[in-house]
Amino acid sequence: LVPAFSPNSAAHSPIIPIQSHCRTVEARGTMLDPATSRLEVDPGPQKPLFRWPGGKRFLLPQILRHVPNSFGRYYEPFFGGGALFFSLQPARATICDHNAELMECYVEVRDHPEELISLLQQMPNTEDNYYEVRATRPRTPTGRAARMIYLAKLAFNGIYRVNLKGEFNVPYGSHPDHPPSNPCDPAHVRAASRILQGQKILAGDFALGLKGCRNGDLVYLDPPYTVAHSNNGFVKYNANIFSWDDQIRLANTAQELAGRGCHVIVSNAYHKTIHELYDGFHRLTISRSSRIAAASDHRKAIHEYLFLSS
């Protein structure tokens, strides 16, 4: 194991806690093209760092057609893998998630990509090493970020998933995108780091990640689909249940933001109880195949709602 996972780690210490208030790392140097308001990065959409439960990578073509041609700041308070963010590459963004460990990882990718790459390059892709890393709790932010990326890349079915205690519990399984000897993709980490430059990264409740929204801003809301029913293939993959009260609070927030003149896009469960919450929004039904189940015959078509404020 690399040094960050031995003397500086504690096998049984808890993962960094989810806090009601965020640890904010403000924008530092940003690389902006004033003519386009986009970051100066390699052309074309970038792949997310993580394959996240409920991620929207395979629904992007259906979502992107409803994104306005111009907007102010981008807000995404249920960030997860951030597929839409990495595709749009907005110049100014506030991204947030209730998973503090995940958002700390993005901070490290943004601020210390080379240190992170160096750690990952020292971590061999073996089953024994995978379970050793899984059992550790590194004490440094960069060490925790390296652990998270390493486990996500080498986990069975290539997905980062935690149990109801917030513990990562996916067994080992090689990932086809990485050679057996190296789970690190330096170019991918550097590309993500460039896109994250200058962005505000928060950890906490979605209301925290929406502070400051103004007329003309773009807001993408993609909450966990865990209310009223359990047939959308996602309930058991959430460490924290998004309650029905939370859904009502989110819908009220979306209505308020739309009233301010924000461009609001909401992904949510395909269920009558959900669409009744978004009165006044344009409602679309979009479909995807579940990509979380281990067996391909269990990856059935899943319908979702897309609500648009304008």
Side-chain angles (χ1 to χ4, degrees), residues 2-5 16 22-34 36-52 55-57 60 73-97 99-123 125 133 138 140-155 158-160 175 177-179 182-203 209 218 220:
V2 298
F5 293 93
I16 55 176
C22 68
R23 178 171 70 91
T24 306
V25 182
E26 294 289 350
R28 303 186 309 155
T30 179
M31 302 174 288
L32 303 183
D33 180 349
T36 62
S37 295
R38 298 296 174 102
L39 286 171
E40 293 179 350
V41 298
D42 295 337
Q46 294 289 330
K47 173 172 82 167
L49 272 176
F50 298 102
R51 187 178 173 205
W52 204 257
K56 295 299 182 286
R57 182 180 172 192
L60 279 178
R73 191 175 190 88
Y74 176 82
Y75 289 84
E76 186 172 351
F78 301 96
F79 194 68
L84 184 59
F85 167 84
F86 283 110
S87 179
L88 290 175
Q89 301 175 29
R92 295 177 295 122
T94 297
I95 60 176
C96 181
D97 197 277
N99 187 325
E101 186 180 23
L102 172 66
M103 302 318 286
E104 180 187 59
C105 182
Y106 285 121
V107 168
E108 292 305 303
V109 170
R110 184 193 64 189
D111 295 349
H112 306 110
E114 297 309 316
E115 293 92 328
L116 187 55
I117 289 168
S118 178
L119 283 181
L120 285 166
Q121 288 177 330
Q122 299 174 61
M123 299 169 69
N125 177 1
V133 171
T140 67
T142 307
R144 288 191 291 268
R147 174 187 182 270
M148 190 170 209
I149 293 173
Y150 175 88
L151 293 177
K153 297 298 184 185
L154 298 183
I159 198 163
Y160 194 92
H175 195 287
D177 288 348
H178 301 277
N182 183 13
C184 175
D185 183 345
H188 193 189
V189 173
R190 290 180 182 121
S193 180
R194 288 193 297 270
I195 296 169
L196 288 165
Q197 290 301 308
Q199 314 298 16
K200 182 181 287 187
I201 301 175
L202 311 177
L218 174 61
Y220 179 53

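Atom set for the values below is all heavy atoms of this structure, side chains included, hydrogens, waters and symmetry mates excluded. Each residue takes its place number in the sequence, starting with 1.
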>> On a heavy-atom basis, which atom in Val109 and which in Leu196 lie closest, and how many Å separate them?
In response: CG1-CD1, 4.0 Å
> Okay, side chain of Arg73, backbone of Arg92: is any donor-acceptor separation there less than 3.5 Å?
Replying inline: no
> How many angstroms lie between SG in Cys105 and CG in Leu49, if you round to the nearest 0.5 Å?
Replying inline: 7.0 Å
>> Quick check against the 3.5 Å criterion: does His188 have a side-chain atom that pairs as donor or acceptor with the backbone of Lys47?
In response: yes
> Of all residues at least two apart in sequence or in a different chain, which pass the side-chain hydrogen bond (donor to acceptor under 3.5 Å, both in side chains) check with Tyr150?
Replying inline: Asn129
> Looking at CG of Asp185 and CD1 of Ile149, how far apart are the two atoms once the value is rounded to the nearest 0.5 Å?
Replying inline: 10.5 Å
>> How long is the straight-line distance from OH of Tyr160 back to CE of Met148, given to the nearest 0.5 Å?
In response: 4.0 Å
>> Which label fits Phe86 and Tyr106: parallel for a plane angle under 30°, tilted from 30 to 60°, or perpendicular past 60°?
In response: tilted
> So, for Met123 and Pro183, which heavy atoms are closest and what is the spacing to 0.1 Å?
Replying inline: O-CD, 3.4 Å
> So, for Ala83 and Pro48, which heavy atoms are closest and what is the spacing to 0.1 Å?
Replying inline: CA-CG, 3.7 Å
> His112 versus Val107: any side-chain heavy-atom pair under 4.5 Å?
Replying inline: no
> What closest approach, in Å, do Ala100 and Ala203 show between heavy atoms, and which atom pair accounts for it?
Replying inline: CA-CB, 3.7 Å
> How far apart are the closest heavy atoms of Gly209 and Leu202, and which atoms are they?
Replying inline: CA-CD1, 4.0 Å
> Can you name the side-chain hydrogen bond (donor to acceptor under 3.5 Å, both in side chains) partners of Tyr220, sequence neighbours left out?
Replying inline: Ser267
> Do the side-chain N and O atoms of Glu108 and Thr142 include a donor-acceptor pair separated by under 3.5 angstrom?
Replying inline: yes
> Side-chain contact, heavy-atom cut-off 4.5 Å: Ile117 with Cys184?
Replying inline: yes
> Distance from Leu84 atom CG to Ile95 atom CD1, nearest 0.5 Å?
Replying inline: 12.0 Å
> Are the charged groups of Arg144 and Glu104 less than 4.0 angstrom apart, N to O?
Replying inline: yes
>> Any salt bridge linking Glu76 with Lys56? Criterion: basic side-chain nitrogen under 4.0 Å from a carboxylate oxygen.
In response: no
> Using the ring of each side chain (for Trp, its six-membered ring), is Phe85 parallel, tilted or perpendicular to Tyr74, with breaks at 30° and 60°?
Replying inline: tilted
> Which residues pass the ring pair (Phe, Tyr, Trp, His ring centres under 6.0 Å) test with Phe78, sequence neighbours left out?
Replying inline: Phe206, Phe242
> Which residues satisfy the ring pair (Phe, Tyr, Trp, His ring centres under 6.0 Å) test with Tyr75, sequence neighbours excluded?
Replying inline: none
>> With heavy-atom distances below 4.5 Å as the criterion, would you say the side chains of Arg51 and Lys153 are in contact?
In response: no
>> So which atom in Ala146 and which in Leu120 form the shortest heavy-atom distance, rounded to 0.1 Å?
In response: O-CD2, 3.4 Å
> Would you say Arg110's side chain and Gln199's backbone share a donor-acceptor pair under 3.5 angstrom?
Replying inline: yes
>> Donor-acceptor check, side chain of Asp97 to backbone of Phe79, threshold 3.5 angstrom: yes or no?
In response: yes
>> Restricting to salt bridge (charged side-chain N to carboxylate O under 4.0 Å, His left out), what partner residues turn up for Arg190, sequence neighbours left out?
In response: Glu114
